[in-house]
Structures are given as C-alpha cells and as structure tokens.
**Q** 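Quick one: the structure is below, questions incoming.
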4 protein chains.
Amino acid sequence: MTRLSLQPSRHPADYAFTHRLRTRFAETDAMGIIHHAAYLPYLEEARVEYLRAIGYPYDAVRDGSGTQGDAVEFAVLEASVHYRRALRFDDEVQVHLVVGAVTRATFQIAYLLTVDGDVRATAVTVHGAVDRTGRPTRLPPWVRDVHAGASDTGVDS
Amino acid sequence: MTRLSLQPSRHPADYAFTHRLRTRFAETDAMGIIHHAAYLPYLEEARVEYLRAIGYPYDAVRDGSGTQGDAVEFAVLEASVHYRRALRFDDEVQVHLVVGAVTRATFQIAYLLTVDGDVRATAVTVHGAVDRTGRPTRLPPWVRDVHAGASDTGVDS
Amino acid sequence: MTRLSLQPSRHPADYAFTHRLRTRFAETDAMGIIHHAAYLPYLEEARVEYLRAIGYPYDAVRDGSGTQGDAVEFAVLEASVHYRRALRFDDEVQVHLVVGAVTRATFQIAYLLTVDGDVRATAVTVHGAVDRTGRPTRLPPWVRDVHAGASDTGVDS
Amino acid sequence: MTRLSLQPSRHPADYAFTHRLRTRFAETDAMGIIHHAAYLPYLEEARVEYLRAIGYPYDAVRDGSGTQGDAVEFAVLEASVHYRRALRFDDEVQVHLVVGAVTRATFQIAYLLTVDGDVRATAVTVHGAVDRTGRPTRLPPWVRDVHAGASDTGVDS
C-alpha cells in the first residue's frame, strides 16, 4: 500500500467539504450496525457531491462535456477505512473530505465521518485518471488546482 | 491506521487458504468493471469459508454453539484494499488469505485476489471480537492457535 | 402473488408523499444504467422518510419508544417493480408513494419513480408487522389511520 | 404489471435448472435475516449460470462472440418476488428457474428458492433484448428454442 500516504485528521475543521447523508436500512447487517462495505459508497457519494460543488460534475467529467478537458474517469486505486465507532440505521452522517498528495497521475482524498460531531470513521482513497477504454492517463490540470486551493488545511500529506 | 501492519504478499504460496468465487453482474459499474466496494464482501465470504474449513463455522461462533467458547462476532476495525488490475463480470476469482498479527484483542488477515494466476488486488482487514451487545471482548483462544499454525508462511507480520 | 393488488398510477398527483434521492455511481452496472436491484433500497428509503414525515420514525417504531405501541418491524412480504425507462448515474429521482389495501395483518404501498416528471418505474410492496423475534403480529392501529387519511387518492386498491 | 404472467410453482420438479449459492453476511440486515433487495442478485446469478449451462454464456451473448448472433443484453423489464420464509446468513439456497411466456420481444423466468427443500421465495422476472446502445431489439432465436425445450414443464404460462 505504498502510495497511501495521507493521515486523515479527526477534526472537521481540517477538511475542505462536508456532505450529509443518511444511512439506509438496506445497509445494516445482522450485527445491527451499518455493514463495513457500505462505507465505500458513502465516500464515493461525497466525492461526487464535492466535484459538483467545485464546478466539475462527475458526469460531465466522464463524458468530456464542458470545458474541463478530455473525458476521464477517476479509478479507485486504493481504499482504506478505519472504523472507529459503529454507524447505525437512520444515522445522519457528515462525510468531511479534503484532496491531498496530488501527483502527475494520482491524487488522494482523506475523509472523516461524524454523527453529531462524534467521530465514527476515517478513510483515505487513492485515485488515478483513466480514459474511456480504462487506460491510465494524466490527471486533468484542474485536479491540481483544486488541491492547491485546499492545501492550506491542517491535513498532513 | 496504526494497527494495519500486514504486508500482503503477491504469491499465492504465501497464503493458508483459497476460496473461489465468481463476480456477479450486479457488482459491475458503469466503467464496465467490478465496483471497488464489491471487494469487501468478497473478502468476507472468503473469511467465512476459511472459518468453516478450519472447524469454526461463523454462525456457530456467533451463537456460541459447539465447544469453542462464548458467542462472539468479529467486528471489522480496519479494511484496506489495493486495486491492482480490474476485475470484470464473470471472472472466476481466487481469494487467498492468511491470518497474521494476532494480539490479545485483534487479528489481521492478508488477502491476495487472482484470476488465472494474475494478480488483481491485495487487501488487509483488522478484526476485533465483540460480544452480542457490541462490546469489545477477548479473542477466543482458538484464533491464536489458528495463527500459530499458519505463522510459518512467508507473509510479514 | 395473490396479495399484491395495488395498481400504481403514473400520475404524481395520485400519491401522498414524495421523497427525492440521487442515484449513486455504486448503483450503476456495466450496461451504464442503474442496476435493477438498486431500486428496492430506493423504495425502502422513501418508506422510511414517509414514516418520519407522518410522525412515526421507523427506528422508534422498531424499538417501541414513543407512544405508538409495541415494537414492530415491517417485513417485506412481496415486492414488484416495473422498470419503464432506465435510471442513470446522478439522476435526481422523485419517489412518490401512497399506502393502500390495508388489512388486519398487511398493508401495501404503491410507488412511482420520476425524473424531471418523466416516468421511470412503478412498484408495489406488501408488508406485514413482525415482532422482534420475527413472528407475525397485528399491524399497529396507526397504520390503518394513515391509510384512511390517504385513501381519497386516485390509486385503485 | 401487465406482462408479468407466469405463476411460479412451489415444486422443484417443475423447473428446468437449479443453481446453488450461499447467502453472505453482507446481505443480512438488522432484522437478522437476508435483506429483501439481495434476492434480485441471487436470481441474476442463477440466470447467468443457466445461460452458461445451456451453452450461451452471458458475457459471450453481450459481446456477440461465438455463433449465437448479434451482441445483445437482457434488460430487466419487471421483477416480482414473493418472500415466503426468511433466508438467513450462511443458508445454502437452491435457486430453481424455468423460462416461459416467450414473445417476439420478451421472455419471462419463474424462480423457486428453497433451503433443504423448504420453500423460501418465489419470483418472476421479465426480460427484453437491447443492443449495446440500450435500444430494444428482437430476441435472439435461440431464446425461443430454449423455451420450446423447457415448455413441457408444469409451470403455467
């Protein structure tokens, strides 16, 4: 897991964006908590809302519409989740995120999940751009710009 | 992610157990590949089959039946996946696993996913025992025994 | 499928409640559309929001807190979905629903899914109350009251 | 739900094919049973194995390789499940299926899910062929042939 270098902070103030979602009953398991695999779609949903918020809606990124360059998809290269306290059915979760560790070919995102300010999980994902045939390609320049804008946060990278 | 210490090997011979599964169409995404969140249930399915193979079926572990001690569940404390090459619909996947890094309260499992010998992903999960109320409890002694039996593999722990 | 008797209308005005949600990338499949199994959690999410809106939050119903009677869960006895036009990634979906066909032991819900007023799917689910051990039990009286309040809609029951 | 006409039998002998699968812990919910949405991927997995068994592997059907005609996908037009008795974690499920009600543009499949001979669910799905752009197209001729071969079963169509 060599590339995964971000250390997600446990302080919401260290993050650039927050997305709110509510857990689903379908995501619970027989332990009575949210199943651990359900967290990855939560992170993804937050990424999608973040891209929309900064003016790069992911469906436009994927089909190359707008002025932001060629069509690319952001493949997930690595994902790591630290489950600190269980989420439960009907919890309203704040997913905080910040982009970090941008290279020519990859970027990382750190996440903090909280419920009413209480830390539930931290996570990191590593992404690389691929073209529509699935081949790795350079990151669009705006990804680096996004990071530059967010890089004065307190997250280590 | 301090506890996550195993470095999963890319050689099937370093693993103690192999479970075969086939990817589902429901697990694909609009990139035409298996969605990254689908891998965590693959790891879990392999864990369940491993427990059955070594004589500790997980449903018996959960309800405390048999002679292996009190009812415990193995909560997932951390999970980390490195996606090396995409899985696709209808791929027959070999999920190799080995237990490592057993402490009084936690154990780790390293995974290697291959298709026809080709490496697709590596992963590590960290687990702790909880009782039926969700409270952390000591690992059953047999978990340590399982690790002792597997510890002469080439996986670093 | 003898109990499934509601005929869901294709007109939003025939429904008692509308819940908005956005499709997730994790819910797409290799056909480039939302996988058909993802619709059932959409219906469930709408049911949960409907119960909250009418003053019977499902987690309170499940644990019997508040004044609405004994703890019950609403098991799904039947579910039927008619996929009329595909949903796609990032679609903002309106899930319209109305309760109908209430008996002593079961109730049905009809659903209409639209995107920008365009019909995408209709569905019906049939539910029965079960206690915490999974045994069928009588419906709480408020379910019948809810239906009485909604029964002057145009949905056949 | 006008097209959905099959009445699934509760007798395994009325079905043309049986696929065995094991429920996953990830598919359980906080009621301690398999969540109702998990059944649709079970049906799909059984369809895929059936197509493989009769010589039309679905990935070959989808990319038009082999001699069976143009590339088509089988869109799900309707799906209906009758949950008769809960499935639980680690249950070994027999998914029985038979093709019926074939028209020029659609076909239906009836399903019976059993555990140790005990009926757990019945279901019907309705499918139509679409080309790679998602447009409806004629069914490949072999679908009709498959049905002709199976039509002397006891399932009403």
Side-chain angles (χ1 to χ4, degrees), chain B residues 19-30 32-53 56-63 65-66 71-76 79 81 86-93 95 109 115 123 125 127 130 132-134, chain D residues 19-30 32-53 56-63 65-66 71-76 79 81 86-93 95 109 115-116 125 127 130 132-134:
Chain B
H19 172 62
R20 189 197 66 78
L21 59 82
R22 201 182 273 279
T23 61
R24 294 173 173 175
F25 192 77
E27 294 160 349
T28 60
D29 66 22
I33 61 177
I34 299 300
H35 189 265
H36 65 281
Y39 289 55
L40 293 181
Y42 295 169
L43 308 184
E44 182 183 76
E45 183 176 314
R47 285 195 299 277
V48 167
E49 292 307 321
Y50 175 60
L51 289 173
R52 192 190 324 281
Y56 297 95
Y58 190 44
D59 55 352
V61 172
R62 291 183 75 230
D63 66 15
S65 64
V72 295
E73 300 191 285
F74 294 135
V76 178
V81 184
L87 292 173
R88 294 180 183 280
F89 166 59
D90 217 37
D91 275 349
E92 202 172 312
V93 185
V95 184
I109 304 182
V115 175
T125 55
H127 301 268
V130 296
R132 296 308 292 266
T133 68
Chain D
H19 172 63
R20 190 194 67 78
L21 58 83
R22 200 182 274 277
T23 61
R24 294 173 173 175
F25 191 77
E27 294 159 350
T28 60
D29 66 22
I33 60 176
I34 299 300
H35 189 264
H36 66 281
Y39 289 55
L40 293 181
Y42 295 169
L43 308 183
E44 181 183 76
E45 183 176 313
R47 287 195 297 277
V48 167
E49 292 307 322
Y50 175 61
L51 288 173
R52 191 191 325 280
Y56 298 95
Y58 190 45
D59 56 352
V61 172
R62 292 183 74 230
D63 67 14
S65 64
V72 294
E73 299 191 286
F74 295 134
V76 178
V81 183
L87 292 173
R88 294 181 182 280
F89 166 59
D90 217 37
D91 275 349
E92 202 171 312
V93 185
V95 184
I109 303 182
V115 174
D116 290 335
T125 55
H127 302 267
V130 296
R132 296 309 293 265
T133 69

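To find a chain, count down the sequence lines: A is the first, B the second, and so on, and within it residues start at 1.
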**Q** Answer yes or no: is there an ion pair linking R88(B) with D59(D), defined by an N-O contact shorter than 4.0 Å?
**A**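 Result for this pair is no, no salt bridge flagged.
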**Q** To the nearest 0.5 Å, how far apart are CZ in F25(D) and CZ in R47(B)?
**A**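 Result: 10.0 Å between the selected atoms.
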**Q** With a 4.0 Å cut-off on N to O distance, would you call R24(B) and E27(D) a salt bridge?
**A**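 Yes, charged N to carboxylate O under 4.0 Å.
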**Q** Tell me every residue that passes side-chain contact (heavy atoms from CB on, under 4.5 Å) with V72(D), counting only those two or more places apart in sequence or in another chain.
**A**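 In terms of side-chain contact (heavy atoms from CB on, under 4.5 Å), with neighbours along the sequence ignored, V72(D) is linked to V61(D), F74(D), A129(D), T137(D), P140(D).
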**Q** Does the side chain of D90(D) reach to within under 4.5 Å of the side chain of R52(B), using non-hydrogen atoms?
**A**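 Touching, per the 4.5 Å side-chain cut-off.
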